[in-house]
Amino acid sequence: MTPLAAYTDRLSVSSGDTLLIHGRGPEGAALDARVVRVVSADPNPELGGVRTEPVPAEVELKSPLSELAVPLGSYGEVVVGSGRLPEVRSFTVSVRFRCTKLPDANFEAPLLTFTNDDDVILLALIVNGDGRLDVRSESGSGEFAIPFALGAWGTAVFRYDGDRGVGVLSCLNATSGGAQSQSIEMVPISLPDASVLRFGSYGGDQAVRSFNGCIERPELFARVLSDRDVADLGHGKRIADPVVSWDFSKDISSRILRDVGPLGLDGRLINQPTRGVRGADWSGREMAWRHAPDEYAAIHFHDDDIEDCEWPVIATWTVPPDLRSGQYAVILEAGGHTENVPFFVVPPLGQATARIAVLASTFTYTVYGNHARPEWSRDPAWQQAWRDQSAAWNAYPHNPGDHTDLGLSTYNVHSDGSGISIASWHRPMLNVRLGYLTYPYPQIRASGLRHYPADTHLTQWLESAGFDYDIITDWELHTEGIDVLSRYTSVL
């Protein structure tokens, strides 16, 4: 964990805009914050090292620093409200799943949970670290122990007969059609008291115990299904009259979890799991989820997904009206630690203040954000060379390979080995920093820069040659379109 870390609410601002700076740091430490104009982000001492110029506009301090973790782990959440589920003594819960990574030994990862207003678990279908399916209720867990195939689709079905006080857990293999079931006497379970349903996690502070894998078609029935119905569920057939039925093939491009049952208990996704994922019914006939959404009706949850750190605003800064367009950074100091967060000042909307525009590739910076290079983990000599050179050059000292708690880049993989496809700038991006080295060995790689620090070579040259220029970013190009380029004679 980096001792002092921060991010801004956006990467580009204009005259009059207020930049929000979110961060964490040593508990109770005094924070000093200032904004500088960036001349060069290259730490190479032969080129003069990192160079900045002060900006007179002051930074306003807000929330005090506190030592915060990153809320890693994605899940789905449905706020039901106590009493909205029907008064049933007996019920059936089912969910299709494909586990891609087992939790650590002595831990568990939930497929589906029901909790009451006090966040007490009324019922949860879980996978254990030993590769078995289990049920957790108010009385505990560990009574069921049904093995499942890691990486294969299966259907978990839990039937509870309230009159007899008996629960039956079944696991059906989607490929072979085979099934295993166990029956156990249980204490009463009161699902009508449930106020929150979650998929893939217990939620809240326990989100770190997220399920790694795919979930599809969670359903609740207000009756005990027959053995024939359970077998049909295992073969992907629909069973009539569910009380709630979340269809993940609906609104795939959104965060909405759509309930197609009579209650309409829609939910939302937290921390951006991957949607449009191949489900148990995938045939291979279509490669795009838009052409066959029913075959891409799964959501892939990961214990290291991150969309937004949701750290408090520790400082704000308002862009002065006469500040020139260019590259800037917030410099933070607290408890003997230093952090810097680059950002860009762009011209006012619809205006140009120079004939030359430099397009800052902020989308590229983001998808590469926190890229942990493969050499870091496979080549100890390379890693040590990076550390030594960073120290000798007074470069940025933190490498994403050391701080995977901040989430990695789309050029890395999740903890279950699946590819990362979503990146966010609402978290610290350690390689988008003044003085960050991508490569050691200057005799081979010169300054060893990529992306943001390397791009400051261009603006440094423009200034040394006496050219005026504006900075625009991918965000302005995306939101304003070609008009943002048409105001300039040249675009670099």
Problem set entry | Matching residue for Pro342 among Met429, Arg433, Gln327 - test: side chain to side chain contact (heavy atoms under 4.5 Å, CB included) |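 For Pro342, the side chain to side chain contact (heavy atoms under 4.5 Å, CB included) check succeeds only for Arg433.
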Exercise. Only one of Val35, Asp32, Val59, Asn340 forms a side chain to side chain contact (heavy atoms under 4.5 Å, CB included) with Ile331, so which one is it?
Worked result: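 Going through Val35, Asp32, Val59, Asn340 one by one, the side chain to side chain contact (heavy atoms under 4.5 Å, CB included) with Ile331 is satisfied by Asn340 alone.
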Search all heavy atoms of [X] against all heavy atoms of [Y] and return the closest pair with its distance.
| X | Y | answer |
| --- | --- | --- |
| Pro273 | Ile270 | CD-O, 3.6 Å |
| Glu480 | Gly350 | OE1-N, 4.3 Å |
| Pro103 | Phe107 | CG-O, 3.9 Å |
| His403 | Asn399 | CD2-O, 3.3 Å |
| Cys309 | Val70 | SG-CG1, 3.9 Å |
| Ser424 | Thr366 | C-CG2, 3.9 Å |

For this session: Could you please spell out the steps behind the side chain to side chain contact (heavy atoms under 4.5 Å, CB included) verdict for Phe344 and Glu476?
Result: CA-CA 11 Å; Phe344 301 90; Glu476 285 72 45; over 6 Å; no
Nearest-0.5 Å distance that lies between atom [atom1] in [X] and atom [atom2] in [Y]:
| X | Y | atom1 | atom2 | answer |
| --- | --- | --- | --- | --- |
| Ile314 | Leu4 | CD1 | CG | 6.5 Å |
| Leu133 | Thr155 | CG | OG1 | 10.5 Å |
| Thr489 | Ile356 | OG1 | CD1 | 8.0 Å |
| Leu20 | His426 | CG | NE2 | 9.0 Å |
| Leu332 | Thr338 | CG | OG1 | 9.0 Å |
| Leu112 | Phe199 | CG | CZ | 5.5 Å |

For this session: Check the pair Ser361 / Tyr368 against side chain to side chain contact (heavy atoms under 4.5 Å, CB included), numbers first and verdict last.
Result: CA-CA 11 Å; Ser361 301; Tyr368 275 95; over 6 Å; no
Exercise. Is Trp475 atom CH2 crowded by more than 12 heavy atoms from other residues, nucleotides or ligands, each under 6.0 Å away?
Worked result: no
For this session: Might you confirm whether atom CD of Glu27 has over 12 heavy atoms from other residues, nucleotides or ligands at distances under 6.0 Å?
Result: yes
Between the side chain of [X] and the main-chain N/O of [Y], is any donor-acceptor distance below 3.5 Å?
| X | Y | result |
| --- | --- | --- |
| Trp317 | Ala57 | yes |
| Arg427 | Gly407 | yes |
| Ser63 | Val313 | yes |
| Ser447 | Leu449 | no |
| Asp266 | Asp259 | yes |
| Asn370 | Leu430 | yes |
| Asp305 | His302 | yes |
| Arg275 | Asp251 | yes |
| Asp474 | Phe363 | yes |
| Asp17 | Ser14 | yes |

Problem set entry | Asp134 and Glu108: CA distance, side-chain angles, deciding distance, side chain to side chain contact (heavy atoms under 4.5 Å, CB included) verdict | CA-CA 9 Å; Asp134 200 354; Glu108 60 195 35; over 6 Å; no
For this session: Begin from the C-alpha positions of Arg324 and Glu463 and carry the test salt bridge (Lys or Arg N to Asp or Glu O under 4.0 Å) through to its verdict.
Result: CA-CA 13 Å; Arg324 61 179 283 194; Glu463 293 190 19; 3.5 Å; yes
Check whether any side-chain heavy atom of [X] lies under 4.5 Å from a side-chain heavy atom of [Y], and answer yes or no.
| X | Y | result |
| --- | --- | --- |
| Pro43 | Leu437 | yes |
| Ser210 | Phe301 | no |
| Asn431 | Tyr452 | no |
| Asp402 | Arg387 | yes |
| Glu286 | Pro293 | no |
| Leu477 | Ile472 | no |
| Leu462 | Leu492 | yes |
| Val330 | Leu19 | yes |

Does a side-chain N-to-carboxylate-O contact under 4.0 Å join [X] and [Y]?
| X | Y | answer |
| --- | --- | --- |
| Arg98 | Glu216 | no |
| Lys101 | Asp303 | yes |
| Asp119 | Arg198 | yes |

Exercise. Should Thr100 and Asn212 be marked as a side-chain hydrogen bond (donor to acceptor under 3.5 Å, both in side chains) after you check the CA-CA gap, both sets of side-chain angles, and the distance that decides it?
Worked result: CA-CA 6 Å; Thr100 53; Asn212 281 285; 5.2 Å; no
Problem set entry | Residue pairs passing the salt bridge (Lys or Arg N to Asp or Glu O under 4.0 Å) test where at least one lies in residues 42-54, sequence neighbours excluded | Arg37-Glu53
Exercise. Under 30°, 30 to 60°, or over 60°: which ring-plane class applies to His451 and Tyr365, parallel, tilted or perpendicular?
Worked result: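 Geometry flag for Tyr365 against His451: tilted rings.
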Exercise. Trp386 vs Tyr436 aromatic rings, parallel, tilted or perpendicular, using cut-offs 30° and 60°?
Worked result: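 Rings of Trp386 and Tyr436: tilted, as their planes differ by 30° to 60°.
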For this session: Please assess Tyr202 against Ile126 for the test side chain to side chain contact (heavy atoms under 4.5 Å, CB included), listing each intermediate value before the final yes or no.
Result: CA-CA 10 Å; Tyr202 291 124; Ile126 62 177; 3.4 Å; yes
For this session: I would like to know whether Ser249 and Arg217 meet side-chain hydrogen bond (donor to acceptor under 3.5 Å, both in side chains); could you show each step before the answer?
Result: CA-CA 9 Å; Ser249 73; Arg217 199 197 297 172; over 6 Å; no
For this session: Apply the salt bridge (Lys or Arg N to Asp or Glu O under 4.0 Å) test between Glu295 and each candidate in Arg278, Arg285, Arg290; give the one that qualifies.
Result: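 Single salt bridge (Lys or Arg N to Asp or Glu O under 4.0 Å) partner of Glu295 among Arg278, Arg285, Arg290: Arg285.
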